[in-house]
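Below, each value reflects all heavy atoms present in this structure, side chains not excepted, and no hydrogens, waters or symmetry copies.
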Amino acid sequence: MRSIRILFTLLLCVSSVAAFAQISVEYGEGAGKVGYFNEKNHPGVEEPYPIGPLAFRLDGEHIWVADSIGAKMLKLDRSSKVVSEFAVVASPAECLIEDFALVKDETGTTKSVWIIDGINKKLVHFDVAGTKLGEIVNEALVQPFRVEAGRTGHLFVADKGAQEIMLFDATGNLVTKSNWEWNGFAVAGEADTLFRLFFEEESRKLMLVVQKITGEIADEVVLDLPEHMNPELWWVDEAAGELVMTYTPATGFEGKLVVVRVDFDGKVKASGELKPPYVMNRFIDRQGENDVWLGVADFDEAPQGSFKVEPITLP
């Protein structure tokens with residue numbers, strides 16, 4: 001009997017782990033669902049690619065998902081239960097959420113969310129209950145695409161149209177601009193050091209540029225990578241002395257990206273592959289070395305299936 005109880009307990013533990021191995025959100029309209037835009041619900045409309053949730057963020061034991069088409073934010077626990085949800089605008093057709101950033105307090109608790117409204121070329125600020133706190137509207141914003149919130153209260157916004165990373169202060173004033181080549185960026189440390197990539201034409205090398213919040217270049221490092229396309233920097237781990245990035249092999253995209261961990265001397269520490277979703281803006285996030293999650297989606301298939309985020313292991 002004791003053996004049976006032990007076996008039952010082990011099976012229960014395994015089942016529980018499997019149940020929380022991913023979060024899943026149903027496609028559709030209304031509470032607890034995420035919208036989509038493809039040929040099935042908009043036949044004949046010419047769009048370069050289907051759209052669904054374009055970004056997610058890890059937040060302790062919770063995961064935030066941007067319902068980009070439905071213009072709302074969802075916060076889920078790791079059993080896929082929606083614990084909070086709020087609308088960004090009254091009419092979803094008037095907003096497209098490209099990306100968002102979580103603003104943390106001194107204890108690491110999320111206190112607010114900055115959201116990119118791509119249609120209106122602005123950033124909107126909400127507390128976690130959905131109360132609007134403010135917005136940034138600036139003529140320099142052409143096609144805001146990626147956003148990071150710094151520890152100093154500054155906001156870093158990568159703009160695909162302007163090809164710049166714009167730095168806004170806590171009051172929403174534009175402070176500086178830096179070159180950006182559509183290849184991701186990261187902000188790290190108490191002083192909000194900016195890490196970005198730059199392709200040097202003369203040497204034909206990809207450079208990691210380390211930049212102080214004042215705009216001063218602190219370092220430039222040649223990355224020792226094979227020939228490739230579409231590099232994208234995802235995050236920097238100063239404690240581990242490394243960055244994580246993805247790129248397309250020189251042979252072209254065949255359903256997978258190369259993912260690499262590179263040290264601050266530019267040398268590759270480890271390399272592997274991952275299958276990106278079709279299509280997302282921010283499709284990977286991490287909090288801690290062993291807590292990395294990947295978006296799993298094909299918005300062409302919606303409403304079949306569901307939008308998922310699941311843990312992965314980096315090389």
Within the structure provided, determine whether Pro276 and Phe253 are in side-chain contact (heavy-atom separation under 4.5 Å).
yes
Considering all heavy atoms of both residues, which atom of Val89 and which atom of Ala71 are nearest to each other, and what is their separation?
CG2-CB, 3.8 Å
Glu39 side-chain N/O to Gly44 backbone N/O, donor-acceptor pair under 3.5 Å
yes
When rounded to the nearest 0.5 angstrom, what distance separates CG in Leu102 from OG in Ser112?
8.5 Å
Heavy-atom side-chain contact between Phe56 and Ile23 under 4.5 Å:
no
Taking it one step at a time, do Phe86 and Asp127 satisfy side-chain contact (heavy atoms from CB on, under 4.5 Å)?
CA-CA 10 Å; Phe86 65 84; Asp127 67 17; over 6 Å; no
Flag yes if more than 12 heavy atoms outside Lys267 fall under 6.0 Å of its NZ atom; otherwise flag no.
no
Looking at Glu135 and Lys132, is there a salt bridge between them, counting it only when a charged N and a carboxylate O are closer than 4.0 Å?
yes
Hey, are Glu98 and Lys160 close enough for a salt bridge, meaning a charged N less than 4.0 Å from a carboxylate O?
no
Nearest 0.5 Å, what's the CD1-CD1 distance between Ile97 and Ile69?
9.5 Å
For a 4.5 angstrom cut-off between non-hydrogen side-chain atoms, does Pro50 reach Tyr278?
yes
As an exercise, state the distance from OG1 of Thr131 to NE2 of His125, rounded to the nearest 0.5 Å.
11.5 Å
Salt bridge check, Arg282 against Asp99: does any charged N sit closer than 4.0 Å to a carboxylate O?
yes
If you look at every heavy atom in Ile217 and Gln211, which pair is closest and at what distance?
CD1-OE1, 3.5 Å
Asp105/Lys111 salt bridge by N-O under 4.0 Å criterion:
no
With a 4.5 Å heavy-atom cut-off, do Leu123 and Leu155 have their side chains touching?
yes
Ignoring hydrogens and geometry, is there a side-chain-to-backbone donor-acceptor pair from Glu242 to Val236 under 3.5 Å?
no
At what distance, to the nearest 0.5 angstrom, does CG of Leu74 lie from CG of Leu76?
5.5 Å
Look at the aromatic rings of His228 and Tyr247 and report parallel, tilted or perpendicular, splitting at 30° and 60°.
tilted
Test salt bridge (charged side-chain N to carboxylate O under 4.0 Å, His left out) on Asp291 and Arg78; report intermediate values, then the result.
CA-CA 12 Å; Asp291 198 8; Arg78 298 200 180 190; 3.1 Å; yes
Least distance between heavy atoms, Ala149 atom then Ala101 atom:
N-CB, 3.7 Å
Is Phe156 close to Val147 at the side-chain level, that is, under 4.5 Å between some pair of heavy atoms?
no
Arg151/Asp192 salt bridge by N-O under 4.0 Å criterion
no
Can you hop from Trp180 to Ile213 via hydrophobic side chains spaced under 4.5 Å?
yes
Please say whether more than 12 non-hydrogen atoms of neighbouring residues, nucleotides or ligands are located less than 6.0 Å from CD in Glu106.
no
Ignoring hydrogens, what is the shortest heavy-atom contact between Gly32 and Val82? Give both atom names and the distance.
CA-CG2, 4.0 Å
Could you check whether any side-chain heavy atom of Asn230 comes within less than 4.5 Å of a side-chain heavy atom of Asn183, counting everything from C-beta outward?
no
Can you tell me if CD on Glu94 sees more than 12 non-hydrogen neighbours from other groups inside 6.0 Å?
no
May I ask you to check whether Trp234 and Phe283 place their ring centers less than 6.0 Å from one another?
yes
Between Ile51 and Val279, does the side-chain contact (heavy atoms from CB on, under 4.5 Å) criterion hold? Intermediate values first, please.
CA-CA 7 Å; Ile51 301 173; Val279 179; over 6 Å; no
Met73 and Trp64, any side-chain heavy atoms less than 4.5 Å apart
yes
Trace of the side-chain contact (heavy atoms from CB on, under 4.5 Å) decision for Phe199 with Arg204
CA-CA 7 Å; Phe199 183 73; Arg204 308 298 295 172; 3.5 Å; yes
Is it true that Phe185 and Phe195 have ring centroids separated by less than 6.0 Å?
no
Quick check: do Gln22 and Val296 have side-chain heavy atoms less than 4.5 Å from each other?
no
Is any NZ, NE, NH1 or NH2 atom of the basic residue among Lys104 and Asp59 found under 4.0 Å from an Asp or Glu carboxylate oxygen of the other?
yes
Rounded to the nearest 0.5 Å, what separation is found between the CG atom of Leu274 and the CG atom of Leu257?
5.5 Å
Heavy atoms of other groups near Lys205 NZ, more than 12 under 6.0 Å:
no
Output, in order, the C-alpha distance, side-chain angles, deciding distance and verdict of salt bridge (charged side-chain N to carboxylate O under 4.0 Å, His left out) for Arg261 and Asp237.
CA-CA 10 Å; Arg261 293 166 49 223; Asp237 187 333; over 6 Å; no
Would you confirm whether Ser68, through its side chain, and Leu54, through its main-chain N or O, come within 3.5 Å as a donor-acceptor pair?
yes
Could you tell me whether the side chain of Asp159 and the main chain of Val142 form a donor-acceptor pair under 3.5 Å?
yes
Does the distance from a Lys or Arg side-chain N to an Asp or Glu carboxylate O, for Arg57 and Glu148, drop under 4.0 Å?
yes
Please check if atom NZ in Lys121 has more than 12 non-hydrogen atoms from other residues, nucleotides or ligands closer than 6.0 Å.
no
Verify side chain to side chain donor-acceptor pair (under 3.5 Å) between Ser24 and Ser306, making sure each step is shown before the conclusion.
CA-CA 6 Å; Ser24 178; Ser306 61; 2.7 Å; yes
More than 12 heavy atoms of other residues, nucleotides or ligands under 6.0 Å from CD of Glu29: yes or no?
no
Heavy-atom closest contact (Phe100 atom, Ala55 atom, distance)
CE2-O, 3.6 Å
Considering only NZ, NE, NH1 and NH2 on the basic side and carboxylate oxygens on the acidic side, decide whether Lys75 and Glu85 come within less than 4.0 Å.
no
Hydrophobic cluster membership, with links at side-chain heavy-atom distances under 4.5 Å among I/L/V/M/F/W/Y: are Ile63 and Leu314 in one?
yes
Are the side chain of Asn120 and the backbone of Asp117 linked by a donor-acceptor contact shorter than 3.5 Å?
no
Worked check of salt bridge (charged side-chain N to carboxylate O under 4.0 Å, His left out) between Asp67 and Lys72
CA-CA 5 Å; Asp67 179 6; Lys72 66 180 187 289; 2.6 Å; yes
Decide side-chain contact (heavy atoms from CB on, under 4.5 Å) for Lys269 and Val260; before the verdict, give the C-alpha distance in whole Å, the side-chain angles of both, and the deciding distance to 0.1 Å.
CA-CA 7 Å; Lys269 297 170 67 174; Val260 290; over 6 Å; no
